[in-house]
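Indexing begins at 1, ligand by ligand and atom by atom, following the structure's order.
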Amino acid sequence: MGLDTWARAAGSGTLAPVPVRATKRGDERTPLAGEYDVLICGASFAGLAVARELAGSDARTLVVDRYEIGERQTSACAAPTEWLENLGLGESIRQTFQDLVVHTPHTTVRMELPWTFSTFDYRELCRLLWEQCGDAEFETAKVESRRGGPDGTHIVATDRGDVTAPLVVDALGWKRVLAGNAFQPPDAPLSRGLEVHPWGASGELEIWIDRDYVPAGYGWSFPARDEVRVGVGSFDPRHHVKEPTVRLAADLEREAVRYQGNWIPHQLRPATESGVFFAGDSAGHCLPLTAEGIRTALYFGIACGRELRRVVEGRATRDTALRRYSAFSADHEWQFNWMLRTQKAVPRVPPRLLAAALRFPLSSDAFVRWSFTHYLNIAHPSFALASTPASSSALSAAA
Ligand SMILES: Cc1cc2nc3c(=O)[nH]c(=O)nc-3n(C[C@H](O)[C@H](O)[C@H](O)COP(=O)(O)OP(=O)(O)OC[C@H]3O[C@@H](n4cnc5c(N)ncnc54)[C@H](O)[C@@H]3O)c2cc1C
């Protein structure tokens, strides 16, 4: 898998946040072919969460990604601490925050959260997740398309050849490659996010709701021990975020270096289509309003993996798994819609009113506790624990 190729930042002693190409090139790219029980396309949060649930089964599982595992960071990497701990990923944590500091043009509010957020190191988290994936195999390949194969199997075309499997997962992100993506920015329900990763330190997890930076969206500063992830996200895909990201970094006296950005889906999409399972951003599993998509990618990835495991162990058919997983995802639609309505409403609130609301009663301890507890419940960390009552009852409710 080339873990040895993961570089360490010169002199810092920590894993480098900058992508260092480890992906096979030229002659190293031998043809790829074969028949597997499960093919998981995408080796980030969602894909690795699916693979982890298959560990210890007899399934022959292949995970493919265009980059080596952990090579390309896909986010600011902040998630509820309990999710990381419940998945045994605590070692990847870089910094933990009990408070969220919210800045608007007219006020700054410190909210004490009922649970903590942690920033983590992407490479390390992926390495730890992969270690839990048992005998799954990994190959670097660019996934291009899918077509039907014999006996209800799928043939997935990659730039290294065709792979066949009856159970196929698209965890490739917002492009939803295996369904022939119908979304084209900027005319699609996508937000856009960009951030820089200057070296430095800070003790505060901060966000800015300020139209000077972005008319609809927010800016952030997420410290991760020896670097700070500073960025801006716009709910409106037509609004460019490079200039405000650079400006926010300058306002914080941070260097605008080591960029990373992407489109972020803000609308739920069907979790199954044409016999393929979709998890994470490919199914629009990123939460609107907050653009928090890591824990939901893990959550739906786990749910998908548990369904696949039932099939490979002969406890369910593929059709049953497709139906159950699809229903499980759709069961959350009202929560995603509610978040989307709030995402649309917040930018319309006049800044002075927003400041007043944040000061009182919104910032009151009871309200913060209530709202953040409900927010966490959308994809609760207890789901990560094997066979929890939460997971079995949620999945059987979807059956
Ligand atoms: C700037 C920014 C900051 C963010 N910060 C946060 C945050 O702090 N917390 C949070 O919860 N969410 C954050 N998000 C959202 C979060 O990054 C996503 O929701 C999350 O990464 C989704 O996980 P995923 O596994 O579905 O997809 P991804 O993480 O996007 O992974 C997709 C994988 O598929 C691979 N891939 C894509 N296309 C192909 C192909 N054709 N062939 C082969 N491989 C392919 C990619 O290399 C990648 O490994 C942020 C998003 C952005 C843009």
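In F222, the part holding a heavy atom less than 4.0 Å from any atom of ligand 1 is the side chain. Residue-level proximity to ligand 1 for N262 is carried by backbone and side chain together, each with a heavy atom below 4.0 angstrom. At a heavy-atom distance under 4.0 Å, only side-chain atoms of A297, from C-beta outward, approach ligand 1. Residue contacts with ligand 1, taken as heavy atom pairs separated by less than 4.0 Å, do not involve C41 at all. Under 4.0 angstrom from ligand 1, there are no non-hydrogen atoms of S282.
When each atom of ligand 1 is checked for a heavy atom of I264 under 4.0 Å away, the hits are 51 (C), 52 (C), 53 (C). Residue A78 has at least one heavy-atom neighbour below 4.0 Å for each of these atoms of ligand 1: 7 (C), 8 (O), 9 (N), 10 (C), 11 (O). For ligand 1 and S44, the ligand atoms under 4.0 Å from any heavy atom of the residue are 25 (O), 28 (P), 29 (O), 31 (O), 33 (C), 49 (O). When each atom of ligand 1 is checked for a heavy atom of A291 under 4.0 Å away, the hits are 12 (N), 13 (C), 14 (N), 15 (C). Interface of G42 with ligand 1, defined as ligand atoms under 4.0 Å from a residue heavy atom, comprises 34 (O). Interface atoms of ligand 1 facing F45, defined by a heavy-atom separation under 4.0 Å, are 20 (C), 21 (O), 23 (O), 25 (O), 29 (O). Numbered from 1 in the order shown, with element, the atoms of ligand 1 that lie under 4.0 Å from a heavy atom of A76 read 3 (C), 4 (C), 5 (N), 6 (C), 8 (O). Against a heavy-atom cut-off of under 4.0 Å, C286 is close to the following atoms of ligand 1: 19 (O).
Among the atoms of V143, some N or O lies under 3.5 angstrom from an N or O of ligand 1. For ligand 1, none of its N or O atoms has an N or O atom of K142 under 3.5 Å away. Checked against a 3.5 angstrom limit, the closest N/O atoms of Y122 and ligand 1 fall outside it. Residue-to-ligand polar distances place T74 within reach of ligand 1: an N/O pair is separated by less than 3.5 Å. Polar contact with ligand 1: absent for W220 (N/O pair, distance under 3.5 Å). Residue V64 has no nitrogen or oxygen atom sitting less than 3.5 Å from a nitrogen or oxygen atom of ligand 1, judged on distance alone. Residue-to-ligand polar distances place I294 within reach of ligand 1: an N/O pair is separated by less than 3.5 Å. Residue V177 has no N or O atom closer than 3.5 Å to an N or O atom of ligand 1.
The pair R60-E35 does not count as a salt bridge, with every side-chain nitrogen at least 4.0 angstrom from each carboxylate oxygen. The pair R123-D121 does not meet the salt-bridge criterion, since no charged nitrogen lies less than 4.0 angstrom from a carboxylate oxygen. For the pair R310 and E313, the salt-bridge criterion is not met [side-chain N within less than 4.0 Å of a carboxylate O]. One finds no salt bridge joining D187 and R238 here, because no Lys/Arg side-chain nitrogen approaches an Asp/Glu carboxylate oxygen to under 4.0 Å. With respect to E112 and R110, no salt bridge is recorded, no charged nitrogen being found less than 4.0 Å from a carboxylate O. Using a cutoff of 4.0 Å between basic side-chain nitrogens and carboxylate oxygens, R258 and E195 are not scored as salt-bridged.
Not a single heavy atom of R72 sits less than 4.0 Å from an atom of ligand 1. Heavy-atom distances between W263 and ligand 1 stay at or above 4.0 Å for every pair. Using a 4.0 Å cutoff on heavy atoms, A79 does not count as a contact of ligand 1. Heavy atoms of A141 approach ligand 1 to within less than 4.0 angstrom. Within the structure, the closest approach of E71 to ligand 1 does not fall below 4.0 Å when heavy atoms are considered. Heavy-atom separations between G231 and ligand 1 are all 4.0 Å or longer.
Residues S382 and H380 bring a donor and an acceptor atom of their side chains to less than 3.5 Å of each other. Under the 3.5 Å distance criterion, with hydrogens and angles disregarded, a donor-acceptor pair is assigned to the side chains of W174 and N262. A donor-acceptor contact closer than 3.5 angstrom is absent between the side chains of S92 and Y122. There is no side-chain donor-acceptor pair under 3.5 Å between H197 and Q260.
Note: F336 and W334 fail the aromatic proximity criterion, with ring centroids not under 6.0 Å apart.
When the options T140, V241, D65 are ranked by their closest heavy atom to atom 33 (C) of ligand 1, first place goes to D65.
Using bins of under 30°, 30° to 60° and over 60° for the plane-to-plane angle, the ring pair W83/Y299 lands in the perpendicular bin.
Of all protein heavy atoms, the one lying nearest to atom 12 (N) of ligand 1 is G293 N, 3.1 Å.
For R309 (side chain) and E53 (main-chain N/O), a donor-acceptor pair under 3.5 Å exists by modelled atom type. Q95 contributes a side-chain N or O that, together with a main-chain N or O of S202, makes up a donor-acceptor pair within less than 3.5 Å. Listed for the H266 side chain is no donor-acceptor partner under 3.5 Å among the backbone atoms of P288.
Every residue meeting the side chain to side chain donor-acceptor pair (under 3.5 Å) condition with D159, not counting sequence neighbours, appears here in chain and number order: R29.
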Subject >> Trace of the salt bridge (Lys or Arg N to Asp or Glu O under 4.0 Å) decision for R324 with E307 >> reply: CA-CA 8 Å; R324 279 169 52 101; E307 290 304 324; 2.9 Å; yes
